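Just so it is clear, the structure is predicted and the values come from calculations on it, not from any experiment. So that the names make sense, note that chain A is the first sequence line, chain B the second, and so on, each numbered from 1.
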Number of protein chains: 2
Amino acid sequence: MMTMHLCLSTQIKHLRRWRQAFPNGHIADSAKEFSATGPPTLLWLHSIDPDESRIDKSIFAIRAILPETKIVVISNTPSQQEALLALNSGAAGYCHAQASPSFLQQVATVVTNGGLWIGSELMSRILAATEQLQTSEPNHLTLAQLTPREQEVALAVGRGISNKEVAQELAITERTVKAHLGSIFEKLEVRDRLQLAILLSRDTLPEDPTQSHTYSAFPG
Amino acid sequence: MMTMHLCLSTQIKHLRRWRQAFPNGHIADSAKEFSATGPPTLLWLHSIDPDESRIDKSIFAIRAILPETKIVVISNTPSQQEALLALNSGAAGYCHAQASPSFLQQVATVVTNGGLWIGSELMSRILAATEQLQTSEPNHLTLAQLTPREQEVALAVGRGISNKEVAQELAITERTVKAHLGSIFEKLEVRDRLQLAILLSRDTLPEDPTQSHTYSAFPG
DNA sequence: AAAAAAATTGTACGAAGGTACTAGGGGGGC
DNA sequence: GCCCCCCTAGTACCTTCGTACAATTTTTTT
């Protein structure tokens, strides 16, 4: 079962990586001419300017001609908006046009096997958003898991200062700061001080009331 | 590259289809005994009663022992709640335990290629609900000072990932990531990645830092 | 009083982060 | 042509971080 790759693009110079990934792949301007010579297994749609050409229109047009063909959008300027738009329109994948050849090949493998490929940022955002609608109890609970001293350390680190500076501030040794941090990481299930700061900044910031209605879309 | 399949289940009678799909796969009660004989490539976790055993606990436990192993949850009583729970806990797939052997094999193919398998209903639901959520724009004043590539790096670091992970994501070397970060620190007048993350989190929508390699897949 | 939890500090070491110096290719402006 | 910026990347070096073995003292709980 030979996979035929076809890439629709008007900016061939930006397809160096794709060419490397699929040396036998075709590149064209329009999908029409290829509907006769046998439909491609996988169609790569190159999005150059997300503002100019609405990607959903292109996807719908292609699916009308080639209903069996999987569509992967590769974008020079990837954005989560465009990704969601593409996926909602029926695309099976969305990734950076300048991704490495091996990366592109992996996307191809997943998609040809009936998969759908989404960027990690978007995916984690989606999962994070959907998680909240079932377990909405963040804020105070985070710091409440910690002992008083651990809270002090956590808040200090959350301000972006080093272990040495925290030690000075709390009048303890750097080693003790590290000890507190160790148990903080464990309790809050974060990898390091960076993720701790992110976690804290999320929970200490006021919530945006405009986003509450989005979650109601999941009844269960 | 032989794939080793291991299925954890206490209800072997319900695994007829799985056995057909992977005749050479192993079935066991616990993952521990297998950590010695070489870790399995793909671990199928059989969820019999979603109310009784919280699937997330099992997944975390397995990931602690077998960090490299991909986990697919197969459930006798699939639900979207359980699916979300499983995926958020780090599972790479979720499907019906009584799915056809060829279906299970397809799931295996996608997941072993770095994909994440989600049911199509759940996925479309997620996409629909998340579409309008993508509105808030990050911190223009801050990010506008950076070049496009620097912005990508900054946002990635703002999600709490390491230089190595950023490098993988942007398909560049770790050294280049460091180079970008150097100029980012200078431009935004921050000391390190920690202060950068804090600066970004002031105006950027926070995300879940636990997942770094999530890609999604479902059957069209 | 005994047990448990919290707070403190030590040494040592590998991993990760950040910087200094360097440098080549590409693109745009002068 | 030249200059400057952007993106890329290599080696080297030092710092910081996180955690592995600890241990001691104080406070709280049972």
With a 4.5 Å cut-off on side-chain heavy atoms, are A:Glu150 and A:Ser183 touching?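 When only atoms from C-beta onward are counted, A:Glu150 and A:Ser183 do touch, with a gap below 4.5 Å.
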
Do nucleotides 10-26 of chain C as a string where each nucleotide becomes B, S or -: B if the base has a protein heavy atom under 4.0 Å, S if just the sugar-phosphate does, - if no protein is that close. BB----SBBBBB-----

Please confirm whether the backbone N or O of B:Val166 pairs with a side-chain atom of B:Asn163, one donor and one acceptor, at under 3.5 Å? no

Using modelled atom types and a 3.5 Å cut-off, is there a donor and acceptor pairing between side-chain atoms of B:Arg193 and backbone atoms of B:Ile161?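 Checked: pair present.
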
Basic-acidic side-chain contact under 4.0 Å: A:Lys164, A:Glu169: no

[X] [atom1] to [N] [atom2], straight-line distance once rounded to whole Å:
| X | N | atom1 | atom2 | answer |
| --- | --- | --- | --- | --- |
| B:Arg149 | C:dG27 | CZ | P | 16 Å |
| B:Ile184 | D:dC6 | CD1 | P | 12 Å |
| B:Glu152 | D:dC6 | CD | C1' | 13 Å |
| A:Gln195 | D:dC17 | CD | C1' | 14 Å |
| A:Glu165 | D:dT16 | CD | C1' | 12 Å |
| B:Ile172 | D:dC6 | CD1 | P | 15 Å |
| A:Leu196 | D:dC17 | CG | P | 13 Å |
| A:His180 | C:dT9 | NE2 | C1' | 11 Å |

Under 4.0 Å between a side-chain N/O of B:Thr176 and OP1 or OP2 of D:dC7, yes or no? no

Can you find a side chain N or O atom of A:Thr147 that sits less than 4.0 Å from OP1 or OP2 on C:dA7? yes

Pairwise distance SG(B:Cys7) to CD1(B:Ile27) - rounded to 0.5 angstrom: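 Result: 5.5 Å between the selected atoms.
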
Taking atom types as modelled and ignoring hydrogens, do the side chains of B:Ser162 and B:Glu165 form a donor-acceptor contact shorter than 3.5 angstrom? yes

